[in-house]
Amino acid sequence: MAREVPTDRFDVVIVGGGVMGSSVAYHLKRDPNFTGSVAVVERDPTYARASSALSASSIRQQFSTPLNIHLSRYGIGFLRQARDLLGVDLGLKEPGYLFLASKAGEAVLRANHAVQRGEHCSVELLEPPALAARFPWISTDGVTLASHGTANEGWFDGPALMQGFRRKARELGAQYIADEVMELASNAVTVRSGRRIEAGTVVLAAGPWSGQVAAMAGLALPVEPRRRSVFVLDVRQSPGLTPLTIDPSGVWFRPEGRFYLAGTTPADGNDPPEPPLEVQHAEWDDMVWPVLAERVPAFEAAKVVNSWAGYYEYNTFDQNGIVGRHPESESLIFATGFSGHGIQQSPAVGRAVAELIVHGSYRTIDLSPFGYERISAGRPIRELNVV
């Protein structure tokens, strides 16, 4: 006789319990118009490999795409209220972002600035003399122009945000299931333990593995894991007030308590999908330290005291989030592909997806431009400021 497969049913099943999936669960359960049941399927409740737990956890307004600006503007407001909303202190710091451009990148920086000013961002352009006066610790060699965010940008405790969403969602009645999705359909998932979990709506928020999960249903989703290494630095003497700074080379750094974090985008040819989650120490030796030592003289004697690697959920199509219903299946919703911006955009996206489920449309921020349809139609929305 055929073995009977245990079956459960929930109004909403969310695949992935990281910051994005937990934000969706939280926003659903706190919406007074939603009275249904929510299950969150997470294969690793320790979150040891979760992007949310391994993120450098920063937030900015300096994007080239207006919709990304709107998402992060909502996000910074939410982070400031996290103690009241989630009962968690995120240690939010707001010293801003500082983008440096060479002559080759000046035109793009000016174009991005025009977009940001059009969206009423607090951002200023600094010529080299003004840059040196504002931040005396920086070398302006090779810098033609800088863009400095004077408000609404900084960094925070990303793992605490994820756990805050998760804890509050559970308190509000969401059920977390520690299991791995093995089969995906628009109205059900089957997990490794053999349970079939039926759903009125399935939300795919599996982070870097969203493309692999979508393939279970025969769907092409251009999202894959891309490794990023983060180095923790100790320096003999702090250079002073330091925003999160992005060098023209792509190397970035920011303070973290008495230490500093730094990293870069891997070199061309060294950014394959889902490589081992191991720190690329050669990036420090060959790419990061030489730039830091030249850009910030105080970093010349920097010492790496720790490091880690995490995955971006990288959207190979246009490096922007993929959010909304699948055009051929109203019951399947995407919330993935944020390419390193997910943790800062999770409050806004979680609310938007909840609104889509409960009310049938977006109400706070219209995320329809980030819908799956642009992929099938071959219409990318390019984000030029990917860090």
Side-chain angles (χ1 to χ4, degrees), residues 15-23 40-58 155-163 165-166 176 178-182 191-192 204-216 221-233 250-254 256 259-289 304-316 319 321-322 335-346 386-387:
V15 181
V19 71
M20 196 63 68
S22 291
S23 176
V40 182
V41 182
E42 171 54 50
R43 66 177 178 178
D44 179 18
T46 71
Y47 295 97
R49 289 160 54 88
S51 297
S52 309
L54 300 170
S55 169
S57 306
S58 305
W155 48 88
F156 57 97
D157 188 337
L161 176 64
M162 176 189 68
Q163 293 293 352
F165 275 137
R166 182 178 185 271
Y176 277 67
D179 216 326
E180 182 176 3
V181 172
M182 304 303 293
V191 294
R192 185 176 291 278
L204 180 51
W209 298 278
S210 294
Q212 298 174 17
V213 176
M216 296 175 186
L221 187 68
V223 178
E224 60 190 30
R226 295 289 185 91
R227 177 180 55 201
R228 297 293 183 265
S229 298
V230 180
F231 302 95
V232 184
L233 322 178
V251 170
W252 62 268
F253 60 89
R254 71 164 176 83
E256 180 64 27
F259 299 103
Y260 287 81
L261 303 183
T264 191
T265 301
D268 290 344
N270 190 35
D271 195 16
E274 198 168 8
L277 199 56
E278 301 170 352
V279 175
Q280 294 294 92
H281 294 285
E283 290 182 358
W284 168 257
D285 296 328
D286 300 337
M287 301 174 68
V288 179
W289 182 80
V304 175
V305 296
N306 201 354
S307 58
W308 76 85
Y311 286 134
Y312 271 12
E313 53 180 288
Y314 195 77
N315 173 3
T316 61
Q319 294 78 62
I322 303 168
T336 187
F338 299 96
S339 303
H341 311 138
I343 203 158
Q344 64 182 288
Q345 296 180 344
S346 61
V386 178
V387 178

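Heavy-atom basis, side chains included; hydrogens, waters and symmetry copies ignored.
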Please determine whether side-chain contact (heavy atoms from CB on, under 4.5 Å) holds for the pair His281 and Val304, giving the CA-CA distance in whole Å, both sets of side-chain angles, and the decisive distance to 0.1 Å. CA-CA 10 Å; His281 294 285; Val304 175; 5.9 Å; no
Sequence neighbours excluded, which residues qualify as side-chain contact (heavy atoms from CB on, under 4.5 Å) partners of Val230? Trp252, Leu261, Trp308
Without swapping roles, check the side chain of [X] against the backbone of [Y] for a donor-acceptor pair under 3.5 Å.
{"X": "Tyr47", "Y": "Gly17", "result": "yes"}
{"X": "Ser22", "Y": "Met162", "result": "no"}
{"X": "Ser210", "Y": "Gly207", "result": "yes"}
{"X": "Thr264", "Y": "Val288", "result": "no"}
{"X": "Ser339", "Y": "Gly337", "result": "yes"}
{"X": "Ser23", "Y": "Met20", "result": "no"}

According to side-chain hydrogen bond (donor to acceptor under 3.5 Å, both in side chains), who are the partners of Asp179, at least two apart in sequence or on a separate chain?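 For Asp179 the side-chain hydrogen bond (donor to acceptor under 3.5 Å, both in side chains) partners, ignoring immediate neighbours, are Ser193.
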Decide yes or no on side-chain contact (heavy atoms from CB on, under 4.5 Å) for Ser229 and Trp284, but give the supporting numbers first. CA-CA 9 Å; Ser229 298; Trp284 168 257; over 6 Å; no
Quick one: closest heavy-atom pair of [X] and [Y], and the distance?
{"X": "Phe165", "Y": "Ser346", "value": "CE1-OG, 3.8 Å"}
{"X": "Ala53", "Y": "Pro159", "value": "O-CG, 3.7 Å"}
{"X": "Ala206", "Y": "Val213", "value": "CB-CG2, 4.0 Å"}
{"X": "Ile343", "Y": "Ser55", "value": "CG2-OG, 3.6 Å"}
{"X": "Ala214", "Y": "Leu221", "value": "CB-CB, 3.7 Å"}
{"X": "Val251", "Y": "Met287", "value": "CG2-O, 3.6 Å"}

Close side-chain approach of [X] and [Y], heavy atoms under 4.5 Å:
{"X": "Tyr314", "Y": "Pro208", "answer": "no"}
{"X": "Pro222", "Y": "Ile322", "answer": "yes"}
{"X": "Gln319", "Y": "Tyr312", "answer": "no"}
{"X": "Tyr176", "Y": "Pro45", "answer": "no"}
{"X": "Val223", "Y": "Gln212", "answer": "no"}
{"X": "Trp155", "Y": "Glu256", "answer": "yes"}
{"X": "Arg254", "Y": "Ser58", "answer": "yes"}

Enumerate the salt bridge (Lys or Arg N to Asp or Glu O under 4.0 Å) contacts for residues 42-58, please, sequence neighbours excluded, ordered by first and then second residue. Arg43-Glu180
Partners of Arg226 by salt bridge (charged side-chain N to carboxylate O under 4.0 Å, His left out), sequence neighbours excluded? Glu224, Asp271
Glu274: partners by salt bridge (charged side-chain N to carboxylate O under 4.0 Å, His left out), with sequence neighbours left out: none
Can you tell which of Val40, Val191, Leu204 makes a side chain to side chain contact (heavy atoms under 4.5 Å, CB included) with Val15?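 Going through Val40, Val191, Leu204 one by one, the side chain to side chain contact (heavy atoms under 4.5 Å, CB included) with Val15 is satisfied by Leu204 alone.
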Test item: side-chain donor near acceptor, Thr336 and Glu313, under 3.5 Å: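 Yes.
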Contacts of Phe253 that satisfy ring-ring contact (aromatic ring centres under 6.0 Å, His included) - sequence neighbours left out: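 ring-ring contact (aromatic ring centres under 6.0 Å, His included) list for Phe253, sorted by chain: Phe299.
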Working note: Val305 + Leu233, criterion side-chain contact (heavy atoms from CB on, under 4.5 Å); need CA distance, chi angles, decisive distance, verdict. CA-CA 6 Å; Val305 296; Leu233 322 178; over 6 Å; no
Test side-chain contact (heavy atoms from CB on, under 4.5 Å) on Tyr311 and Leu54; report intermediate values, then the result. CA-CA 8 Å; Tyr311 286 134; Leu54 300 170; over 6 Å; no
